[in-house]
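Scroll down for the structure; my scribbles are underneath it.
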Amino acid sequence: MDERNITFMFYGLAVAWGILAVYAVLLGLREQDLKKQLETLKKMVEEKK
Amino acid sequence: MSEPAVATAGVWKYFGDYPALRDVSFALDRGECLALLGRNGAGKTTLLRILAGLSGASKGDVKIYDGDVRASATRARIGWLGHAIGLYDELSARENLQAFGALYDVSKATIGEWLERVNLAHVADSPVREYSRGMRQRLAVARAFLHGPDLLLFDEPFTSLDDKAIALLQSLLTGARANGVTIILSTHQIREAMELASRVALIDRGKLAHFGPRTEEMLGDPGYIYRTFGTAA
Amino acid sequence: MRSKIVLALGLVGVPLLLRNLYVILFNLPDEMEQGPVYRIFYYHLPAFFAATLCYTTAMVCSILYLVKKNARYDAIAMACTEVGLAFAAVNLITGMFWGRISWGIWWAWDPRLTWALICWLVYFGYLMLRKAIDDPTERAKNASVLSIFAYVSVAITWKAIEWWRTQHPGPVLSIRTGEQRIDPAMEQMLYVNTLALATLAAIFVITRLRQEEVQREIDALRRYAHAL
Amino acid sequence: MRTLRHAAAIAWKDLRSELRTKESLNSSLSFSVVVLLLLAMAFDTGSEIVTDYGGGILWLAFAFSSTLIVNRSFAREMPNDCIDVLVASPASGASLFLGKAVAAFALQSGIQLICLPIFGVFYNVTWWRNPWQLLGVLLLGGWAMACIGTVFSALTVNLRLRELMLPMLMYPMLVPALLASMTLTNYLLMPGAMPPDFAQWLRLLIGFDIIFTTLALALVETILVR
């Protein structure tokens, strides 16, 4: 089998892992963002009381 | 004739997590006229929309003449008039009434009669777009009464009307009451409503704060109900 | 409780994924006609299964939402659709790399591929529709209806390889064809990796679901803060 | 029976108000003619290509013009809150949907019938080779567009960016029907016997119509009662 065959196998696997990793990172970023929003809001409500 | 015309039991309505109606329960006998009072955003429109079957209750039970609200036979007995007139601008008065009348099996003769009664027969074939505000409102009133409903649900009927239309609507409503039609109308304009009403309900932040017969105190003093039954805010 | 489930799933899923990768790369032999590149298949097909599983769960939850009007079902449907899109993207793009070698082109307008892409677009539309509606009840209701409509295209994708003669390989799994068309070791790996990816999908869905709950809490707090 | 009578009343009303203003009719007709014109410039209309892609060109024009029509379908009910009056009336959601879909379908079919001779002239195609089969395909494909379009019009009517969201949701969902209609039309434009997979595409188109009409009739009430 030629060189490209094995290279493309690596590309393919990298893409599979890559997309899932990117989605996981996006989830993590959103988690942090939400936490930050929640904290600021809680603080705001505390102050207003 | 024992069962009430309108009965709600523990009706809740959520918009997301926000409860627009909280545990609303009441029963209204046939032939009564209920004035539904409350500040803007208290939930009057939401309640009326649920009664008319335009919106589903999140929890609880609604019965109209002992039937389900979304049953076709029940809806045939309801006359609805919302904030807006509910007419097509590009159609004529007659075509509008014919379009809606077809859904209720209303005869051509009845449509002609109503056009006479709201004094629009002479312009019945020109499009609604060309009508004045008062004429459009009179036509909207005719549309709500067209099929001879047993229950009238009117959302703020007096706010957008001019004097002539108010007089017409009041005479129609009085006539309907005499024929045993049940009426629910939401309003801020307490004076007009009080003259018609036999029952009064106050909605405060989605809760039914008061439900009872109309008393003499309510007639003269518009603020009385809010002061007595509403929350201080 | 829920974070414990995520932890448990993670402890099973992640080692399994890594083990599978090792076995796929070093233990399993090359396929005779295709060479090493066929290994993409171990992600391509399981990702498709994971995505289909997500879409199906989304459809079931959408029906449940319309019946029971419980916002949680809507949240599950949304989380599943989003995760399903990620796995469908893996399915589509790995397929493109494989196609470049086996067919010589990145994309063939073949029924199976076309329908997989349509599914992706339809479900992407679902997420767009959700973004465009502000009222949560209205959003949940309209999105649920759309999800049910969208599932028709998933069903067509599933059936596409039977209905049309395509360049895309036909079904290979013995449970579907009733005969052994590929090496048992290879077939077993397909199942095991499907399990691994499905575990990963479950972790994603639960995480996304928790975020949606936090979002609701934030919205409620914000309303409360404005009312103060 | 009652459902059909109510549906007829709604279709009649929709058609009458559309024929009076001609809002969507004019824009949709001129748009589809422009699409046919532009594609005629993109292709060399003298070559074999046109017989191979004629159906595709025709249905692209139809699909574009169809969104303009269904876009108005529920939007027409929004000024003056007419939709509330219709939903509160004894007409069921299914009859409302049916009436609106039939009205959209009739308007679309009118445009298709005007476009067909224009297509024949611009692309130098003999389109009347199999007139009855072609009419059948036009009806089946047109109903698919009207049906899906009307449902999605109801789904998106309250949205900001409605004009944008509707085609974005509608086209991917329509692909099976469009693909089948394009292929079938191509076959019907060609001289000679029908290819063997003609029946298969026809089955797909009919199946699509049946499945989505059933789904729409079952779900439209949920969409309308808020």
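Just so we're on the same page: letters track the sequence lines, and every chain starts at 1. Values below: every heavy atom of this structure, side chains too, minus hydrogens, waters and symmetry copies.
- Of the listed residues (A/V15, A/L20, A/I6), the greatest number of heavy-atom pairs within a distance under 4.5 Å of chain C belongs to A/L20.
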TODO: Report the C-alpha separation of C/L221 and A/V45 in whole Å, then their side-chain angles, then the decisive distance to 0.1 Å, and conclude whether the side chain to side chain contact (heavy atoms under 4.5 Å, CB included) test is met.
DONE: CA-CA 8 Å; C/L221 257 178; A/V45 171; 3.8 Å; yes
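- Here the straight-line distance linking atom CD of C/E213 with atom CG of A/L34 works out to 12.0 Å at 0.5 Å rounding.
- Take A/Y23 and apply the ring-ring contact (aromatic ring centres under 6.0 Å, His included) test, not counting sequence neighbours, and it matches C/F204.
- Taking 4.0 Å as the cut-off between side-chain N and carboxylate O, C/E82 and A/R30 count as a salt-bridged pair.
- Annotation: maximal heavy-atom pairing with chain A below 4.5 Å, among C/V83, C/L197, C/L200, occurs at C/V83.
- When atom types are taken as modelled, the side chain of A/E31 and the backbone of C/Q211 share no donor-acceptor pair closer than 3.5 angstrom.
- Annotation: side chain of A/L41 is in contact with side chain of C/I218 (closest heavy-atom distance under 4.5 Å).
- Interface residue A/A24: backbone and side-chain heavy atoms are both found under 4.5 Å from chain C.
- In this structure, chain A has no heavy atom under 4.5 Å from any part of C/A47.
- The environment of CZ in A/F8 is crowded: more than 12 heavy-atom neighbours from other residues, nucleotides or ligands sit within 6.0 Å.
- At a heavy-atom cut-off of under 4.5 Å, chain A is reached by C/L17, C/L18, C/L21 from residues 14-22 of chain C, listed in order of number.
- Pairing each heavy atom of C/Y43 with each of A/W17, the nearest pair is OH-NE1, 3.1 Å.
- Heavy atoms only, all atoms of each residue included: C/I40 and A/G12 are closest at CD1-CA, 3.7 Å.
- Looking only at side-chain heavy atoms (C-beta outward), A/L13 and C/F97 stay at 4.5 Å or farther from each other.
- Interatomic distance, CE of A/M9 versus OG1 of C/T94, reported as 13.5 Å (0.5 Å rounding).
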